[in-house]
K.L.:
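Sharing a structure below in structure tokens format, with a few things to ask.
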Amino acid sequence: MKRLILLTLVACFAFSVDSQAKRINPEKGYNLIYIGNSITYGALHAEPKVTAPPVVATEYANKRLKCIKGFTNCGRSGATTVDFLPALNRDFKRVERAVAKHQGENDGQFVFSIMLGTNDSASTGPTGAPVSNEDYKKNILTIVNRLREMCPGAIFVLQRPVWYSPNTYNGARYLVAGLNRMTDYVNILVELANENNDIYLGDCDSYDLMKLEYEKYMFAEPGNAGTFYLHPNEEGAKKMAKNWAKAIVAAVKSSARQ
């Protein structure tokens, strides 16, 4: 029977276990694949290949796990859960190439860190936006189900999308309605972790960190409704990446113990 180790909506860091599920074999090592949007990609960073969250998170995680064999950042600016649907043959191609690459290089098992929802929450602009709670859940499950087929025994860590300012309006229109919509998505992530043996609720702390200290940890960007805050800067990305890494390590260790 599944057990959610920690559940809170304000500062939520949780993971689930089930003794009957397929488990990570720590002797094989791990391949980390990060699925996300511009925040995952490291947009506005001077050197995203050095400071993007997946790069830093992998470094942190490997200090604890000692056996990460490879990682790939599949983040793409503007991406939604709709863009990553396998049937549309868009951003999911990035993930397919990453999986094939790692499978050709080693026999490590896969851990997928997924942070999507920022662009889904917009009122207009990104593909499929605004995405309802029902479709958001369905889309993530569709992505996960295809990855289960491709990578038996994989686990999935769902990172909560981070806060953005309620006046966010660039090429896409987010504003208060978008922020409220994205805030609700955390309930879907909790449901997915509770209902699936191989899905773990990851970092939720970064949402509050960015909300409370946005001037320190996020880029100030000019927009149609004034200066807005959407993308973590290098220091903010580092803080967020450390939280991602904690979630990944906890999920992997929990899975390996069962």
Side-chain angles (χ1 to χ4, degrees), residues 5-6 12-17 21-43 45-76 94-116 144 147-148 150-160 162 193 198-206 209 217 232-258:
I5 302 298
L6 178 60
C12 51
F13 170 70
F15 50 86
S16 55
V17 297
K22 282 191 173 183
R23 290 302 163 199
I24 288 283
N25 181 354
E27 296 181 359
K28 289 186 175 182
Y30 320 107
N31 292 304
L32 304 184
I33 294 182
Y34 298 84
I35 296 173
N37 47 46
S38 57
I39 294 171
T40 298
Y41 169 74
H45 289 205
E47 295 184 84
K49 291 184 179 180
V50 176
T51 60
V55 180
V56 182
T58 301
E59 292 173 354
Y60 277 122
N62 199 38
K63 289 178 181 178
R64 297 284 302 279
L65 298 174
K66 306 294 185 184
C67 48
I68 293 177
K69 294 191 171 183
F71 85 97
T72 300
N73 182 355
C74 292
R76 199 267 296 171
R94 299 167 179 262
V95 184
E96 290 176 325
R97 288 194 295 266
V99 168
K101 174 181 179 291
H102 294 305
Q103 287 177 334
E105 294 174 345
N106 62 71
D107 62 350
Q109 296 187 3
F110 285 85
V111 180
F112 293 91
S113 173
I114 302 174
M115 193 186 82
L116 290 168
V144 166
L147 292 173
R148 285 168 172 158
M150 295 168 58
C151 309
I155 63 173
F156 305 87
V157 183
L158 305 183
Q159 319 285 9
R160 183 184 183 183
V162 295
D198 52 357
I199 295 178
Y200 295 78
L201 183 62
D203 165 42
C204 291
D205 291 340
S206 296
L209 175 66
Y217 292 128
N233 58 28
E234 286 86 348
E235 188 61 29
K238 184 177 180 179
K239 291 281 188 180
M240 184 176 69
K242 188 171 184 179
N243 289 334
W244 285 13
K246 288 178 181 178
I248 290 167
V249 170
V252 166
K253 288 189 173 183
S254 175
S255 182
R257 284 195 300 266
Q258 303 306 308

K.L.:
Got a second to check how far M115's CE is from I39's CD1, nearest 0.5 Å?
P.N.:
4.0 Å

K.L.:
Do V95 and F112 make a side-chain contact, defined as non-hydrogen atoms from C-beta onward lying under 4.5 Å apart?
P.N.:
yes

K.L.:
When you measure from the side chain of S255 to the backbone N and O of A251, does any donor-acceptor pair fall under 3.5 Å?
P.N.:
no

K.L.:
Output the distance between atom CD1 (I68) and atom CG (N106), rounded to the nearest 0.5 Å.
P.N.:
11.5 Å

K.L.:
Rounded to the nearest 0.5 Å, what's the gap from CG on N73 to CZ on R94? Could you check?
P.N.:
9.0 Å

K.L.:
So W244 and Y34, would you call those rings parallel, tilted or perpendicular, with 30° and 60° as cut-offs?
P.N.:
parallel

K.L.:
Please determine which of K238, E235, H45 meets the side chain to side chain contact (heavy atoms under 4.5 Å, CB included) test together with T51.
P.N.:
H45

K.L.:
Got a salt bridge between D203 and K242, using NZ or NE/NH1/NH2 to carboxylate O under 4.0 Å?
P.N.:
no

K.L.:
Considering all heavy atoms of both residues, which atom of P48 and which atom of G42 are nearest to each other, and what is their separation?
P.N.:
CB-O, 3.6 Å

K.L.:
Taking atom types as modelled and ignoring hydrogens, do the side chains of S206 and Y217 form a donor-acceptor contact shorter than 3.5 angstrom?
P.N.:
no

K.L.:
CG of L32 to OG of S113: how many Å apart, nearest 0.5 Å?
P.N.:
8.0 Å

K.L.:
Would you check if the side chain of Q103 reaches a backbone N or O of M150 as a donor-acceptor pair within less than 3.5 Å?
P.N.:
yes

K.L.:
Passes side chain to side chain contact (heavy atoms under 4.5 Å, CB included), M240 versus Q159? Steps please.
P.N.:
CA-CA 10 Å; M240 184 176 69; Q159 319 285 9; over 6 Å; no

K.L.:
Would you say the side-chain atoms of N62 pair up with the backbone N or O of C67, donor to acceptor, closer than 3.5 Å?
P.N.:
yes

K.L.:
Is the number of heavy atoms from other residues, nucleotides or ligands within 6.0 Å of OH (Y41) greater than 12?
P.N.:
no

K.L.:
Taking all heavy atoms of P54 and all of T40, pick out the closest pair and write down the distance.
P.N.:
CD-O, 3.1 Å

K.L.:
May I ask you to check whether over 12 heavy atoms, not counting those of K69, lie within 6.0 Å of atom NZ?
P.N.:
yes

K.L.:
Minimum heavy-atom separation for Q109 to G153, with atom names?
P.N.:
OE1-O, 4.1 Å

K.L.:
Roughly how far, to the nearest 0.5 Å, is CG of N31 from SG of C151?
P.N.:
8.5 Å

K.L.:
Among V111, I199, I248, which residue satisfies the side chain to side chain contact (heavy atoms under 4.5 Å, CB included) criterion with I155?
P.N.:
V111

K.L.:
Got a second to check how far H102's NE2 is from T72's OG1, nearest 0.5 Å?
P.N.:
2.5 Å

K.L.:
Tell me, with the steps shown, if I35 and L147 meet side chain to side chain contact (heavy atoms under 4.5 Å, CB included).
P.N.:
CA-CA 12 Å; I35 296 173; L147 292 173; 4.0 Å; yes

K.L.:
What pair of heavy atoms forms the shortest contact from A245 to A57, and how long is it?
P.N.:
CB-O, 3.5 Å

K.L.:
How close do P53 and A241 get, counting heavy atoms only, and between which atoms?
P.N.:
O-CB, 3.4 Å

K.L.:
For a quick test of reading the model, state the closest non-hydrogen atom pair linking A237 to P232 and the distance between them.
P.N.:
N-CB, 3.8 Å

